[in-house]
Amino acid sequence: MLACNHPNSFLDAALLADIFQLPVYSLTRGDVFKKPLYRRILKELKMLPIYRTSEGIQNLGINYQTFGECKKIFKKEGIVLIFSEAKCINEWHLRPLKKGTARLAFSSWDENIPLQVLPVGINYSSFRRFSKNVFINFGELVTKETVDPGESDGKKYQSFNHKLQEQFHKLVFEIDKSDIQKQKELLEIKPSLFVKMILFVPAVLGWLIHAPLYWPIKKFTYRRTCDNDHYDAVMVALLLFIYPLYAGLITAIVFAVTHEMFSLLLFFILPFTAWSYVQLKPQLDKAPVTSSSS
């Protein structure tokens with residue numbers, strides 16, 4: 001089981017799913033499963049519903065079903081991702097851990113499932129800029145042998161969370177949003193002068209070509225997510241699906257005008273120019289990000 005902090009909505013789960021060879025099933029806030037279409041899509045994406053008390057006490061029974069599904073996955077040596085803070089907030093700060101991770105761990109150990117819990121800390125250089133530096137840190141495995149299962153539920157959950165929190169403090173960056181200097185020291189990776197010179201021209205082309213796509217999507221996303229912490233993840237998702245259509249459209253237009261086969265190479269050149277601009281653009285947010293829970 002991956003026990004992770006939760007700074008950036010569903011982008012956290014997407015990144016971890018990408019770096020593991022095995023499928024990663026992630027526990028996701030239950031209220032997004034209300035509509036049947038969403039349930040089918042989320043199930044295909046290997047997401048499992050988990051409800052908080054604030055989302056309705058009547059839904060808490062579903063959590064037991066989800067825990068049952070998790071234990072089936074564990075028995076097959078699969079991977080389940082749980083966000084131990086149980087709340088997404090765009091910040092460089094570890095929040096108090098909830099009991100969900102401990103409950104699932106001990107419930108699995110009570111059934112003699114050889115579960116191992118791997119602490120994971122994710123740190124982003126920005127929550128508002130497209131493309132960013134991401135630092136993913138892994139801790140030491142927490143196993144049944146490292147905790148005392150003989151205590152009462154309350155005490156053993158507290159002991160488990162204490163061990164987990166000790167590791168998280170080593171994995172999650174602690175940076176005040178107003179401390180720009182510390183952000184630069186821990187989060188910024190500056191390109192060399194040589195890289196800047198090589199990429200300058202394609203970077204300028206990349207900005208000019210992609211601005212008609214980027215800015216409308218940026219404004220659209222901000223209007224719909226300005227009151228929560230999903231802006232960054234939604235922005236990435238929209239560009240991921242829309243960009244191939246945009247690059248294909250430009251390539252098709254140029255080919256229709258020139259009738260030259262080499263123009264088809266634009267479909268590969270355009271992403272390179274966008275990548276060049278991303279390498280040279282500022283990496284940190286301009287100003288402190290106003291945060292709200294979700």
Side-chain angles (χ1 to χ4, degrees), residues 8-19 23-24 26 28 32 35-47 88 90 122 124-134 189 191 195-286 289 294:
N8 208 358
S9 190
F10 57 83
L11 192 57
D12 300 334
L15 286 172
L16 291 175
D18 185 59
I19 64 177
V24 176
S26 60
T28 306
V32 299
K35 296 183 179 180
L37 176 60
Y38 292 175
R39 280 201 300 271
R40 288 196 293 270
I41 294 175
L42 294 171
K43 185 177 180 180
E44 289 298 319
L45 294 174
K46 296 180 173 55
M47 295 184 177
C88 168
N90 295 158
I122 303 181
Y124 297 84
S125 61
S126 166
F127 297 107
R128 285 296 181 268
R129 293 187 181 277
F130 178 72
S131 186
K132 58 196 84 272
N133 302 323
V134 184
I189 302 176
V195 170
K196 290 180 179 180
M197 293 173 60
I198 294 296
L199 297 182
F200 178 76
V201 172
V204 172
L205 292 174
W207 187 90
L208 293 172
I209 293 170
H210 295 91
L213 170 70
Y214 177 77
W215 287 106
I217 293 180
K218 180 181 176 70
K219 292 181 180 179
F220 171 85
T221 305
Y222 182 77
R223 284 199 301 267
R224 284 158 178 76
T225 61
C226 61
D227 60 344
N228 59 52
D229 293 290
H230 300 303
Y231 168 83
D232 200 31
V234 172
M235 187 76 180
V236 170
L238 288 175
L239 288 171
L240 178 66
F241 288 105
I242 296 175
Y243 182 71
L245 301 177
Y246 182 76
L249 177 62
I250 292 179
T251 303
I253 291 173
V254 173
F255 177 74
V257 173
T258 64
H259 300 290
E260 296 288 348
M261 292 299 295
F262 73 83
S263 63
L264 298 178
L265 293 175
L266 276 175
F267 192 76
F268 303 99
I269 295 174
L270 291 176
F272 173 73
T273 64
W275 175 84
S276 299
Y277 173 68
V278 164
Q279 303 310 302
L280 303 188
K281 74 179 185 67
Q283 299 173 7
L284 304 178
D285 294 322
K286 290 183 178 179
V289 180
S294 62

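The closest donor-acceptor contact from the side chain of D285 to the backbone of R128 lies under 3.5 Å. Of the possible donor and acceptor atoms, one in the side chain of T251 sits under 3.5 Å from a partner among the backbone N and O of F267. D12 contributes a side-chain N or O that, together with a main-chain N or O of N8, makes up a donor-acceptor pair within less than 3.5 Å.
To the nearest 0.5 Å, the span separating CG on D232 from OG on S126 amounts to 6.5 Å. Within the model, atoms CZ of F262 and CZ of F255 stand 10.5 Å from one another, a figure rounded to the nearest 0.5 Å. To the nearest 0.5 angstrom, L284 atom CG is 11.5 Å from F127 atom CZ. Rounding to the nearest 0.5 Å places OG1 of T221 at 9.0 Å from CZ of R223. With rounding to the nearest 0.5 Å, the separation of CG in L199 from OG1 in T273 is 11.0 Å. Here the OH atom belonging to Y231 is positioned 11.0 Å from the CG atom belonging to N90, to the nearest 0.5 angstrom.
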Inset, instruction - Verify side-chain contact (heavy atoms from CB on, under 4.5 Å) between K196 and L280, making sure each step is shown before the conclusion. - result: CA-CA 7 Å; K196 290 180 179 180; L280 303 188; 3.9 Å; yes
Inset, instruction - In sequence, state the C-alpha distance, the side-chain angles, and the governing distance for T225 and H230, and then conclude on side chain to side chain donor-acceptor pair (under 3.5 Å). - result: CA-CA 6 Å; T225 61; H230 300 303; over 6 Å; no
Inset, instruction - Determine, step by step, whether M235 and K218 satisfy the side-chain contact (heavy atoms from CB on, under 4.5 Å) criterion, reporting the C-alpha distance in whole Å, the side-chain angles of both residues, the deciding distance to 0.1 Å, and the verdict. - result: CA-CA 7 Å; M235 187 76 180; K218 180 181 176 70; 3.6 Å; yes
Inset, instruction - With side-chain contact (heavy atoms from CB on, under 4.5 Å) as the test, would you mind laying out the steps for R224 and V234 before giving the verdict? - result: CA-CA 10 Å; R224 284 158 178 76; V234 172; over 6 Å; no
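Applying the 6.0 Å contact sphere to NZ of K281 captures more than 12 heavy atoms from other residues, nucleotides or ligands.
Remark: the H210 side chain and the Y243 side chain contain an N/O donor-acceptor pair separated by less than 3.5 Å.
L266 and P271 make their closest contact through O-CD, 4.2 Å (heavy atoms, listed as atom of the first residue, atom of the second, distance).
For the pair Y246/P212, a side-chain contact is recorded, criterion being any heavy-atom separation below 4.5 Å from C-beta on.
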